[in-house]
Amino acid sequence: MILKMGFPSVMLCPYNINIKYQEKKMSQPIRVRFAPSPTGHLHIGGARTALFNYLFAKKQGGTFILRLEDTDVERSTEASVQMILSDMKWLGLTWDEGPEVGGEYGPYRQSGRSAIYESKIMQLVEAGKAYFCFCTPEEVEVHRLAAAEKGEQLKYAGTCRTLSLEAAKARAAQGEPYAIRFKAPQEGETIIQDLIRGRVVFDNTILDDFVIVRTTGVPTYNFAVVIDDAAMKITHIIRGDDHLSNTPKQICLYQALDEPLPEFAHVPMILGPDKTRLSKRHGATSVGAYAEAGYLPEAMINSLALLGWAYDDKTTLFSQAELEAKFTLDKVSKNPAVFDLRKLSWMNGQYIRSIPEPEYIERSIEWLAQTGIIQLPLDDIKQNYVTQVVKIVRDKYKLLSELPEQVEYFFKEPELEKIDEKARNKLESMQENPDLFKALHAKLGMLKSFFVSAQEVALKDFIEEQQVKFGVLAHPLRVCLTGRMQSPGVFEIMEILGQDVVLERLAAGLRLVGINI
RNA sequence: GUCCCCAUCGUCUAGUGGCCUAGGACAUCGCCCUUUCACGGCGAUGACAGGGGUUCAAAUCCCCUUGGGGAUGCCA
């Protein structure tokens, strides 16, 4: 697919876009990267970008690289780095090269790559493709405001563009602070052949002499990203749509550095329900928050994959292996997607019910222990008990966080004094026929076996003898046993709870409504 | 302001000129299953933003308008 992509309009381009790259393409192994800046947690949009990169690499037999873009010294934190790494791992997006695992193109943090940037900067400056700029940010801002006032383009005025290199070096040597700007071409067009969007044309007159090195000596994003992508031999840049407008600047840098151009694929953004960029205003946006809320990584992956990508007109459930086998960039859509929490929840329910049982049990126990419902380690009897409990409620909830509430009454007496009005009424309905429920208590007490099958036989006989409908018995019984109106089947509950507990709870319920046995 | 991107049910999407009186999924509603809740099954409601072209034929191609998003940072 990729190899079939032609570049019909290459002739119109002032630079030989892609020709150099195309030549190499045949022999070059596919390398993609996810390059978050560690200025916060890994959010939904970032995770989706990471996933697409990961899936593309897997499908194409390529290498998936993780690189930390921490050139914003002010905002980058080590805590963010750790959150991002652990969220990536939680999602199962393991990287072939990057922090912790290393690789031959390291280091994989931009803060550790200064030497590489410095040599490239000097190369550009010496070649006259970049220049020292002594304007202060305040001066630049004044120009910008004035331009805005006049309705002109908000570009750098070019004050230092014509400074001779000797003069500039002399001023720098005297300690005058400076930034370095890229001398952007002002004629012609820069064309992006985007794998998702097709041909996108930018007139070079919009190009600003943007800063590539700050006064602090630290390179800016647009510069570092190009140097690193080139140095790391990245072949496909798959990233958010918000970078499309930066791409012409970067393409010009590749050309100035005489580096082959990678392919670009700009994926659409993820929006909140109000169609604006997804942000904290819309609720949880971090992957970690979803993990804590009881979502399964499998469901997150599946959901994220479907945000801007579809395989066909019917399939919605994909295992990670299936995604790795089926993902292609040509099926990525161009329009932004609203993140739908309800669909994620539905999908999570699907995964709760479909992951292999031992794994389901293991994760449930982990969750219950974490929330203090049970204490680890479990002995065989308890292990068996908890296993039965989590299995019986499996199709009743969607998030692991709902599990403790679902199974609470299996681990402590229901507080019948505190139940809601409906349940209370159901409990009091037993007063209409006290003898019936006394007889039920006796019947359950006489059972030799407490398995569901034995109960069924016994209770069937019982309702026939007593001439009542099963519901008359079952509902109040359920309230006695669980303190609530909804639960799994009463037989199943009774089998797990055991005869003694069942008799105690039934007696307690009866006592509460004034029926003594 | 300028530049760029985008536009199919409420939401995610299928659709690449005739297979479309537009298909699927979530959500919503109804029915069935049923000891309750859920699960599951069946069904219903519901969309090509608007206007011009091109064509025998347009959701699909072109133009305009409108709407949304992004960029315009010594953030990424």
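The sequence lines fix the lettering, A, B, ..., with proteins before strands; numbering per chain opens at 1. Owing to the predicted nature of the structure, the values given are computational and were not obtained by experimental measurement.
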Roughly, in whole Å, what's the span from NZ in A/K422 to C1' in B/C37?
-> 12 Å
Would you tell me if any nitrogen or oxygen in the side chain of A/K275 comes within less than 4.0 Å of OP1 or OP2 on B/U11?
-> yes
Which of B/U13, B/A76, B/A27 is nearest the side chain of A/N222? It is B/A76
Residue mapping more 5' on RNA chain B - nearest nucleotide basis, A/A337 or A/L344 | A/A337
Lys/Arg cation over aromatic A/F134: A/R171, 6.0 Å, 45° cone | yes
For A/G489 and A/L271, take the nucleotide of RNA chain B holding the closest heavy atom to each; which residue's nucleotide lies nearer the 5' end?
-> A/G489
Which part of the nucleic acid does A/V200 contact within heavy-atom distance under 4.0 Å: base, sugar-phosphate only, or nothing?
-> sugar-phosphate
Of the nucleotides B/U35, B/U11, B/C39, which one has an atom closest to the side chain of A/D395?
-> B/C39
Distance between P atoms of B/U8 and B/U13 (Å, rounded) = 9 Å
Under 3.5 Å, N/O pairs linking protein and nucleotides 23-25 of chain B:
residue, atom, partner, partner atom, Å
B/G23, N2, A/D313, O, 3.4
B/G24, O4', A/D313, O, 3.4
B/G24, O2', A/K314, O, 3.4
B/A25, N3, A/K343, NZ, 3.0

Would you please classify the geometry between the A/Y311 ring and the A/W309 ring as parallel, tilted or perpendicular, with 30° and 60° separating the classes?
-> tilted
Hey, can you tell me if A/F182 and A/F210 have their rings parallel, tilted or perpendicular (30° and 60° cut-offs)?
-> tilted
Classify the nucleic acid contact of A/R75 as base, sugar-phosphate or nothing, counting any heavy atom under 4.0 Å across all strands shown.
-> base
Six-ring centre of A/F52, A/R48 cation under 6.0 angstrom, axis tolerance 45° = yes
What distance, rounded to whole Å, do you find between the two P atoms, one in B/G41 and one in B/G50?
-> 35 Å
A/F470 near the nucleic acid: base, sugar-phosphate alone, or nothing, with a heavy-atom cut-off under 4.0 Å?
-> base
So, does the side chain of A/R478 form a donor-acceptor pair with the base of B/U35 at under 3.5 Å?
-> yes
Hunt down the Watson-Crick or G-U wobble partner of B/G40, both distances under 3.5 Å, from any strand shown, or write none.
-> B/C32
Hey, are A/T315 and A/D312 close enough side-chain-wise for a donor-acceptor pair under 3.5 Å?
-> yes
Tell me: NZ of A/K334 to C1' of B/C48, nearest whole Å?
-> 16 Å
Nearest atoms (heavy-atom pairs only) where A/Q406 meets A/V393 | O-CG1, 4.3 Å
Quickly work out the A/F34 CZ to B/A76 C1' distance and round it to whole Å.
-> 11 Å
Nucleotide nearest A/M269 (side chain, heavy atoms from C-beta), chosen from B/G69, B/C74, B/C6 | B/G69
Return the minimal non-hydrogen interatomic distance between A/N302 and A/T316, and the atom names on each side.
-> ND2-O, 3.0 Å
In Watson-Crick or G-U wobble terms, with both distances under 3.5 Å, the base opposite B/C20 is none
Taking OP1 and OP2 of B/C5, is either one under 4.0 Å from a side-chain nitrogen or oxygen of A/R199?
-> no
Quick one: A/D241 CG to B/C3 C1', roughly how many Å, whole number?
-> 14 Å
Determine the contact category for A/F491: base if any of its heavy atoms lies under 4.0 Å from a base atom, sugar-phosphate if only primed atoms, P, OP1 or OP2 are that close, otherwise nothing.
-> base
Is it true that the side chains of A/H236 and A/N53 contain a donor and an acceptor less than 3.5 Å apart?
-> no
Between B/C75, B/C4, B/U13, which one does the side chain of A/R214 approach most closely?
-> B/C75
Which part of the nucleic acid, if any, lies within reach of A/G471 when heavy atoms closer than 4.0 Å are counted: base, sugar-phosphate only, or nothing?
-> nothing
P-based separation of B/A47 from B/G40 [nearest Å] | 27 Å
Please report, rounded to the nearest Å, how far the P atom of B/A38 is from the NZ atom of A/K398.
-> 9 Å
Does any N or O donor sit under 3.5 Å from an N or O acceptor when you compare the side chain of A/K396 with the base of B/C37?
-> yes
Could you measure between the two C1' atoms, the one in B/G51 and the one in B/A7, and give it in whole Å?
-> 15 Å
Within the structure shown, what part of the strands sits under 4.0 Å from A/N246 by heavy-atom distance: base, sugar-phosphate, or nothing?
-> base
Would you mind classifying the nucleic acid contact of A/P488 as base, sugar-phosphate or nothing, using non-hydrogen atoms under 4.0 angstrom?
-> base
Can you tell me, in whole Å, how much space there is between the P of B/G24 and that of B/G15?
-> 15 Å
A/D330 CG to B/A14 P: how many Å, rounded?
-> 11 Å
Which part of the nucleic acid, if any, lies within contact of A/S37, taking any heavy atom under 4.0 Å across all strands shown: a base, the sugar-phosphate backbone alone, or nothing?
-> sugar-phosphate
State the pairing partner of B/G10; accept Watson-Crick or G-U wobble contacts with both distances under 3.5 Å, and report none otherwise.
-> B/C26
So what does A/T220 touch, heavy atoms closer than 4.0 Å: a base, only the sugar-phosphate, or nothing?
-> sugar-phosphate
Across every strand shown, the nucleotide meeting Watson-Crick or G-U wobble geometry with B/A59 (both distances under 3.5 Å) is none
From CG of A/L307 across to P of B/C26 the rounded distance in Å is 16 Å
Ignoring backbone atoms, test whether A/Q486 places a side-chain nitrogen or oxygen under 4.0 Å from the OP1 or OP2 oxygen of B/U34.
-> no
Just how far, in rounded Å, is C1' of B/C39 from CG of A/N348?
-> 15 Å
May I ask you to say what A/V225 touches in the nucleic acid, namely base, sugar-phosphate or nothing, with a heavy-atom cut-off under 4.0 Å?
-> nothing
Write down the distance separating the C1' atoms in B/A44 and B/C9, rounded off to the nearest Å.
-> 14 Å
Counting any heavy atom closer than 4.0 Å, what does A/H243 reach on the DNA or RNA strands: base, sugar-phosphate only, or nothing?
-> base
Aromatic ring pairing A/Y290/A/F339, orientation class (parallel under 30°, perpendicular over 60°, tilted between) | perpendicular
Pick base, sugar-phosphate or nothing for A/G308, based on heavy-atom distances below 4.0 Å to the nucleic acid.
-> sugar-phosphate
Using a heavy-atom cut-off of under 4.0 Å over every strand shown, decide if A/P336 touches base, sugar-phosphate, or nothing.
-> sugar-phosphate
Geometric class of the A/Y397/A/Y360 ring pair [parallel <30°, tilted 30-60°, perpendicular >60°] | tilted
Testing B/C6, B/A76, B/U11 for proximity to the side chain of A/N335, the answer is B/C6
P atoms of B/U55 and B/G70, separation to the nearest Å = 40 Å
In Watson-Crick or G-U wobble terms, with both distances under 3.5 Å, the base opposite B/U2 is B/A71
With sugar-phosphate meaning primed atoms plus P, OP1 and OP2, does A/T276 contact a base, only sugar-phosphate, or nothing at under 4.0 Å between heavy atoms?
-> sugar-phosphate
Taking all atoms of both residues into account, what is the closest heavy-atom pair of A/I84 and A/L42, and its distance?
-> CG1-N, 3.9 Å
C1' atom, B/C3 versus B/A59: distance in rounded Å?
-> 29 Å
Can a cation-pi geometry be assigned to A/R181 and A/Y156, taking NZ or CZ under 6.0 Å from the six-membered ring centre and within 45° of the ring axis?
-> yes
